Amino acid sequence: MRLRTIDIFGFKSFPHRTRVEFGPGVSAVVGPNGCGKSNVADAFRWALGEQSAKALRGDVMEDLIFNGTADTPPLSMAEVSITFGDVSGYLPVDGDELVVTRRMYRSGESHYFVNRQPVRLKDVRDLFADTGLGKASYAVVEQGMVESIVKAKADERRAFFEEAA
Amino acid sequence: MRLRTIDIFGFKSFPHRTRVEFGPGVSAVVGPNGCGKSNVADAFRWALGEQSAKALRGDVMEDLIFNGTADTPPLSMAEVSITFGDVSGYLPVDGDELVVTRRMYRSGESHYFVNRQPVRLKDVRDLFADTGLGKASYAVVEQGMVESIVKAKADERRAFFEEAA
Amino acid sequence: SREKFVATFELVREEFQRIFREAFGGGQADLKLQAGADPLDAGIYVYAQPPGKKMEHLSLLSGGEKALAAIALIFALFNARPAPFAILDEVDAPLDENNIGRFLKILARYRDAVQFMVITHARRTMEESDAIYGVTMERRGISKVLSLKMQEVPLEFMEVAAATP
Amino acid sequence: SREKFVATFELVREEFQRIFREAFGGGQADLKLQAGADPLDAGIYVYAQPPGKKMEHLSLLSGGEKALAAIALIFALFNARPAPFAILDEVDAPLDENNIGRFLKILARYRDAVQFMVITHARRTMEESDAIYGVTMERRGISKVLSLKMQEVPLEFMEVAAATP
Ligand SMILES: Nc1ncnc2c1ncn2[C@@H]1O[C@H](COP(=O)(O)OP(=O)(O)OP(=O)(O)O)[C@@H](O)[C@H]1O
Ligand SMILES: Nc1ncnc2c1ncn2[C@@H]1O[C@H](COP(=O)(O)OP(=O)(O)OP(=O)(O)O)[C@@H](O)[C@H]1O
Ligand SMILES: [Mg+2]
Ligand SMILES: [Mg+2]
């Protein structure tokens, strides 16, 4: 299973359709403070079903929709799609490509799609259950949180191990 | 009031008498990971009366006494002295120099001295009460904590303002 | 007393607004006491608006923006009651080169009134300090402090990056 | 199930011990399940002993040592269940140049099995990546993503330090 692209539109500081393509190996993401690097990581976690606005540095989910700048009006919707390739044999889907999409309006309710077909959050969760990309994932280390896995209390640390089991 | 020297002996990774002298302006402290830079900052806070071992990254106060290396035996005592100059008119002491010393044995109880005369912790606290170097001091920003003053809850943030009032 | 606290709060608030604009090269910031509460109990809320962006809750700021806002607040507290001495432990770690430059410009303004001990891995911070102390562990586990000139600083004490072309 | 959890725990423990020694160039580390508790409820304790130092509670380690130990643990979890994709947001920020080098050496070993998105300010991490994406805000408040070659990376995206002479 390979990550191909992350498409961001209306999420946080991305008011225009933006595509980030990934090749094999290590892709470095660089840029000055406040330009939107961590927002790309947030977009990935949100699309895979993250339910807590606080975990994405917002107060409420609505904070995640582009709220405008000095000269650009706010948007009313946020949408992120993640495209995975070489999924056959890894995930229970037809074909070799999988596109997971999450869309949310200012009203706050989210809609999920797999290969453009509407699904429930639970379906997205089940799809990724055994991939290590689940809820308590050690695969996404947030900014400033690298030490939290060692600073965590012994029982909090269990969640990472259960994810790996 | 000026800081002149910090003398460290037996505190954390300093088994030998070590003196750090300070001049005016900015003194940069540099060195590889784990060499003892933050331990110097801990020594300063400890000498001024810090009572929480956890705030100094230990479990119990005894963790702060040099506990040995592969080839050097542990010590049974830790002592830190801080020398301030130009204190007349700033602090209620005779003369122009002030030396604050804290000494602790493995039993855990601490002894405080001002200009080599034994005093109580309360005396040290009273001495520095109006200098901004008190308990909730904004004057010492620990590693990784620079954001804590903005991440703190609104009521926790009050402590910094009360220190400045 | 209540008057003293409110007077200090107002002073810190004004200073924070000024220093924030200098730190971010524009934008605005504010401090607010919890509405409806007694000033002696009220929580303190921080708002920040980097230049060209919307005024928002601090939690939406990036890691580097939060650190810079926190630095502005710490210096604002200094103005209310200047401690004679301060320790800053790697406050420049989340900052990019431009923001390290702004931080150092603000730091330089306090250099005559306050002595600073600044623990850092950033070359630019070392270059602009008045004195440099290297901490090493020539014998593993045992810290030693040496006074250094900039050209003597072993390069593994620093992290590599680069300044604006 | 209990057997599965214990088997995973043992695997992660062995890997952590191996990767820790590589990350620190020696020393040792260990993971322990809370004594006397059912493995399905037990807390997990982490012990670390950098080379030449005493085995101690993680809290006594330095900022950089904690980050490096956390990185070793995250890669150990990867060995138990390799997620196809991982995001590391500025995990190299607390590390000095030598430890960034060790981190990159470990990262390189997983490059064939796992795709990484590494958000960083460190030049060395950029130099050793397979692709570089720059995120900018040409129009304030609006993020844009560009694919870059190393020589095109604007220097203000990086922080300045220097490698071992
Ligand atoms: N809903 C939103 N609408 C518009 N902009 C937003 C929204 N949410 C967050 N932002 C902007 O995103 C910026 C933060 O971006 P991000 O955290 O990705 O920065 P970064 O590149 O990771 O920076 P650093 O190097 O400091 O960590 C903030 O300045 C904020 O203004
Ligand atoms: N009581 C003690 N006896 C001996 N050594 C100790 C004691 N307490 C802490 N140490 C040692 O001090 C080291 C940490 O030092 P410190 O936190 O000052 O490092 P640092 O220079 O700030 O590094 P970094 O750049 O990673 O922040 C640890 O490796 C630990 O072994
Ligand atoms: Mg970030
Ligand atoms: Mg440190």
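Chain identifiers are assigned alphabetically (A, B, ...) following the order of the sequence lines, protein sequences preceding nucleic acid strands; residue numbering begins at 1 within each chain. Predicted model, so just to flag it, every value in this text is computed and none were measured.
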Trainee: Does C:Val153 form a side chain to side chain contact (heavy atoms under 4.5 Å, CB included) with B:Val30? I'd like the steps, not just the answer.
Mentor: CA-CA 8 Å; C:Val153 179; B:Val30 306; 4.1 Å; yes
Trainee: Can you tell which part of C:Glu90 gets under 4.5 Å to a heavy atom of chain B, answering side chain, backbone, both or neither?
Mentor: side chain
Trainee: Side chains of B:Asn33 and C:His121, heavy atoms from C-beta outward: is any pair under 4.5 Å?
Mentor: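 Yes; the side chains approach each other to less than 4.5 Å.
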Trainee: Tell me, side chain or backbone of C:Leu107 under 4.5 Å from chain B's heavy atoms, or both, or neither?
Mentor: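 Just its side chain gets close to chain B.
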Trainee: Please determine whether side chain to side chain contact (heavy atoms under 4.5 Å, CB included) holds for the pair B:Lys37 and C:Ile119, giving the CA-CA distance in whole Å, both sets of side-chain angles, and the decisive distance to 0.1 Å.
Mentor: CA-CA 7 Å; B:Lys37 301 185 296 294; C:Ile119 300 171; 3.7 Å; yes
Trainee: Above 12 or not: heavy atoms from other molecules or residues under 6.0 Å from NZ of C:Lys105?
Mentor: no
Trainee: Is the closest side-chain heavy-atom distance between B:Val146 and C:Ile71 below 4.5 Å?
Mentor: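 Counting from C-beta outward, B:Val146 and C:Ile71 do come under 4.5 Å.
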Trainee: What part of C:Thr8 gets within 4.5 angstrom of chain B, counting heavy atoms only: side chain, backbone, both, or neither?
Mentor: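 Contact with chain B: side chain only.
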Trainee: Which answer fits B:Phe44, side chain, backbone, both or neither, if we ask what part of it has an atom under 4.5 Å from a heavy atom of chain C?
Mentor: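 Looking at B:Phe44, just its side chain touches chain C.
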Trainee: To the nearest 0.5 Å, what is the distance between CZ (C:Arg13) and CZ (B:Phe161)?
Mentor: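 Reported value, rounded in 0.5 Å steps: 11.0 Å.
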Trainee: When only pairs under 4.5 Å are counted, which of C:Gly134, C:Ala131, C:Ala83, C:Ala48 shares the most heavy-atom pairs with chain B?
Mentor: C:Ala131
Trainee: Could you tell me which portion of B:Glu142 (side chain, backbone, both or neither) has an atom closer than 4.5 angstrom to a non-hydrogen atom of chain C?
Mentor: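 Only the backbone of B:Glu142 comes within 4.5 Å of chain C.
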Trainee: In terms of heavy-atom proximity below 4.5 Å to chain C, should B:Arg45 be classed as side chain, backbone, both, or neither?
Mentor: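 It is neither, since no heavy atom gets under 4.5 Å.
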Trainee: Nearest 0.5 angstrom please: B:Ser27 OG to C:Tyr133 OH, how far?
Mentor: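 Here the interatomic distance stands at 5.0 Å.
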Trainee: Flag the one option from C:Ser129, C:Ala80, C:Gly141, C:Gly63 with the top tally of heavy-atom pairs under 4.5 Å to chain B.
Mentor: C:Ser129
Trainee: Determine, stepwise, if the pair C:Lys4 / B:Glu162 fulfils side chain to side chain contact (heavy atoms under 4.5 Å, CB included).
Mentor: CA-CA 10 Å; C:Lys4 201 170 166 203; B:Glu162 283 163 356; over 6 Å; no
Trainee: Need one label for C:Val46: side chain, backbone, both or neither, based on atoms under 4.5 Å from any heavy atom in chain B.
Mentor: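 It is both, since atoms from each part get that close.
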Trainee: Name the region of C:Leu73, side chain, backbone, both or neither, that has any atom closer than 4.5 Å to a heavy atom of chain B.
Mentor: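 Side chain only.
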Trainee: Does the Lys NZ or Arg CZ of B:Arg158 fall within the cation-pi geometry relative to C:Phe5 - under 6.0 Å from the ring centre and within 45° of the axis?
Mentor: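 Verdict for C:Phe5: a cation-pi partner in B:Arg158.
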Trainee: Is it the backbone or the side chain of B:Pro24 that comes under 4.5 Å from a heavy atom of chain C, or both, or neither?
Mentor: backbone
Trainee: Are the side chain of C:Gln115 and the backbone of B:Val26 linked by a donor-acceptor contact shorter than 3.5 Å?
Mentor: no
Trainee: Flag the pair C:Arg139 / B:Thr72 as yes when at least one side-chain heavy-atom distance between them is below 4.5 Å, and no otherwise.
Mentor: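 Yes. Closest side-chain heavy atoms under 4.5 Å.
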Trainee: Stepwise, does the side chain to side chain contact (heavy atoms under 4.5 Å, CB included) test hold for C:Lys144 with B:Thr18?
Mentor: CA-CA 7 Å; C:Lys144 197 174 147 196; B:Thr18 308; over 6 Å; no
Trainee: With a 4.5 angstrom heavy-atom cut-off, is it the side chain or the backbone of C:Thr120 that approaches chain B, or both, or neither?
Mentor: both
Trainee: Under 4.5 Å heavy-atom distance to chain B, tell me which part of C:Phe78 shows up: side chain, backbone, both or neither.
Mentor: both
Trainee: Nearest 0.5 angstrom please: B:Cys35 SG to C:Ile142 CD1, how far?
Mentor: 13.5 Å
Trainee: Contact between C:Arg140 and B:Asp71 at the side-chain level, heavy atoms closer than 4.5 Å - yes or no?
Mentor: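 The answer is no, as the side chains (C-beta and beyond) never meet within the 4.5 Å cut-off.
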Trainee: OG1/B:Thr69 to CE/C:Met137 distance, rounded to the nearest 0.5 angstrom?
Mentor: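 Taking OG1 in B:Thr69 and CE in C:Met137, the distance rounds to 9.0 Å.
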Trainee: With a 4.5 angstrom heavy-atom cut-off, could you sort out which part of C:Asp41 is near chain B: side chain, backbone, both or neither?
Mentor: backbone
Trainee: Please state whether the side chain, the backbone, both or neither of B:Ser38 comes within less than 4.5 Å of a heavy atom of chain C.
Mentor: both
Trainee: Answer with side chain, backbone, both or neither: which region of B:Phe66 has an atom nearer than 4.5 Å to a non-hydrogen atom of chain C?
Mentor: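 Just the side chain, heavy atoms under 4.5 Å.
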Trainee: In terms of relative ring orientation, are C:Phe85 and B:Phe22 parallel, tilted or perpendicular, with 30° and 60° separating the classes?
Mentor: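 Answer is perpendicular, since the angle exceeds 60°.
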Trainee: Under 4.5 Å heavy-atom distance to chain B, tell me which part of C:Leu31 shows up: side chain, backbone, both or neither.
Mentor: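 For C:Leu31, the side chain is the part near chain B, not the backbone.
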